[in-house]
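Note sheet for the following structure.
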Amino acid sequence: MNRRAALETVPDADALHHDAVALHAAVSDLVRVYQFRDRDRICCHDISVTQCYALETLVEHGPMRLGALAQRLHLDKSTTSRVVGALVRKGYAEQRTETADRRAVALDVTRAGRRLYDRITADLIEQQRALVQDLDPGVRAGVVQVIRRLARAAESRFLSGVSVGPSCCASPADEASSAR
């Protein structure tokens with residue numbers, strides 16, 4: 001690369017870095033607020049946030065096996081099994097033997113689980129409505145579009161195992177060999 005081309009890319013790289021830092025701060029703030037909000041709003045319904053995510057997944061995607069649910073929740077099977085076990089004990093989910101493979105068990109939401117999901121969702125949507133009511137309709141649509149694009153990009157990177165940089169869990173030897 002010649003000197004002029006190298007100089008022209010520096011401002012773009014600096015701007016991109018600045019934007020990445022700003023995005024990190026904004027997303028961190030948003031996630032932190034939502035985690036506490038979700039915990040306070042959802043847990044008052046006698047389920048945890050993770051149980052609510054599992055219930056939401058079953059409502060939106062229909063019956064599925066434990067492994068498929070674990071994959072969608074980005075949890076291991078044992079954790080997902082405990083989450084589902086609590087939902088089953090509370091009557092919000094049930095385990096059914098699959099008709100195609102009698103050895104397999106599918107998880108599904110019950111009527112009580114669907115009613116609970118609907119109540120929680122209505123409450124959370126009302127909160128969203130209050131947050132965006134003063135925004136211009138075009139801005140609201142743009143915000144939704146950007147958040148969806150970021151979520152898809154993050155999900156895609158997560159599922160493909162792509163990392164932006166060295167893993168926080170990488171050993172010094174791993175980092176040294178990747179630097180070569």
Side-chain angles (χ1 to χ4, degrees), residues 23-133 135 140-141 143-164 167-170:
L23 177 62
H24 170 74
V27 169
S28 293
D29 289 344
L30 182 65
V31 168
R32 189 176 312 107
V33 168
Y34 270 68
Q35 283 176 332
F36 289 116
R37 179 215 61 173
D38 287 353
R39 184 198 66 209
D40 293 344
R41 289 296 192 165
I42 293 168
C43 294
C44 70
H45 291 281
D46 189 38
I47 64 172
S48 70
V49 173
T50 305
Q51 290 166 0
C52 188
Y53 290 149
L55 193 62
E56 176 182 53
T57 301
L58 293 172
V59 166
E60 292 182 359
H61 300 284
M64 66 182 65
R65 292 181 182 183
L66 182 68
L69 181 60
Q71 187 174 19
R72 285 192 179 272
L73 295 174
H74 304 294
L75 297 172
D76 59 48
K77 280 186 177 182
S78 65
T79 301
T80 305
S81 180
R82 286 191 299 276
V83 168
V84 169
L87 289 173
V88 169
R89 281 190 305 280
K90 294 174 183 183
Y92 301 132
E94 61 187 353
Q95 298 174 327
R96 296 182 184 165
T97 303
E98 288 186 349
T99 54
D101 181 354
R102 305 299 288 168
R103 297 169 296 167
V105 174
L107 306 165
D108 200 2
V109 65
T110 63
R111 282 191 198 131
R114 179 58 192 227
R115 284 192 305 271
L116 177 63
Y117 169 79
D118 289 343
R119 268 195 325 271
I120 292 170
T121 301
D123 181 36
L124 295 176
I125 288 172
E126 186 54 37
Q127 287 183 24
Q128 302 299 2
R129 185 179 179 279
L131 284 174
V132 300
Q133 70 185 0
L135 298 177
R140 290 193 308 253
V143 166
V144 170
Q145 181 183 17
V146 167
I147 290 173
R148 282 187 176 146
R149 286 185 67 187
L150 289 171
R152 280 194 305 267
E155 175 84 359
S156 175
R157 294 183 71 80
F158 179 81
L159 292 176
S160 68
V162 172
S163 176
V164 176
S167 168
C168 64
C169 302

#### Entry: N/O donor-acceptor pair under 3.5 Å between R129 side chain and I125 backbone
no
### Query
Say you draw a straight line from CG of L23 to OG of S28; how long is it, rounded to the nearest 0.5 Å?
8.5 Å
### Summary
What one should report as the nearest heavy-atom pair of A104 and R65 is CB-NH2, 3.2 Å
### Query
Is a salt bridge present between D118 and R114, judged by a nitrogen-to-oxygen distance below 4.0 Å?
yes
#### Entry: Approximate separation, where rounding is to 0.5 Å, of R82 CZ and Q51 CD
11.5 Å
### Task
List the atom of A54, the atom of V83, and the distance in Å for their closest heavy-atom pair.
CB-CG1, 3.8 Å
### Query
Closest approach of A112 and G91, non-hydrogen atoms and distance?
CB-O, 3.7 Å
#### Entry: Taking every non-hydrogen atom, the tightest pair across L58 and M64
CD2-CG, 3.9 Å
### Message
Within this structure, what is the CG-NE2 distance for the pair D29 and H24, rounded to the nearest 0.5 Å?
### Response
9.0 Å
### Closest non-hydrogen atom pair, V109 against G113
CG2-C, 3.6 Å
### Query
Where do H74 and E155 land on the side-chain hydrogen bond (donor to acceptor under 3.5 Å, both in side chains) test, with the steps shown first?
CA-CA 10 Å; H74 304 294; E155 175 84 359; 3.1 Å; yes
### Query
Going from CG on L87 to OG on S48, what distance comes out if it is rounded to the nearest 0.5 angstrom?
7.5 Å
### Message
Rounded at 0.5 Å granularity, tell me how far NZ in K77 sits from CD in Q71.
### Response
10.0 Å
#### Entry: T57, T80, L69 screened by side chain to side chain contact (heavy atoms under 4.5 Å, CB included) with L107, the one that passes
L69
#### Entry: Distance, nearest 0.5 Å, that separates CD1 of I120 from CD1 of I47
4.0 Å
#### Entry: Side-chain donor/acceptor of T110 to backbone N/O of Y92, under 3.5 Å
yes
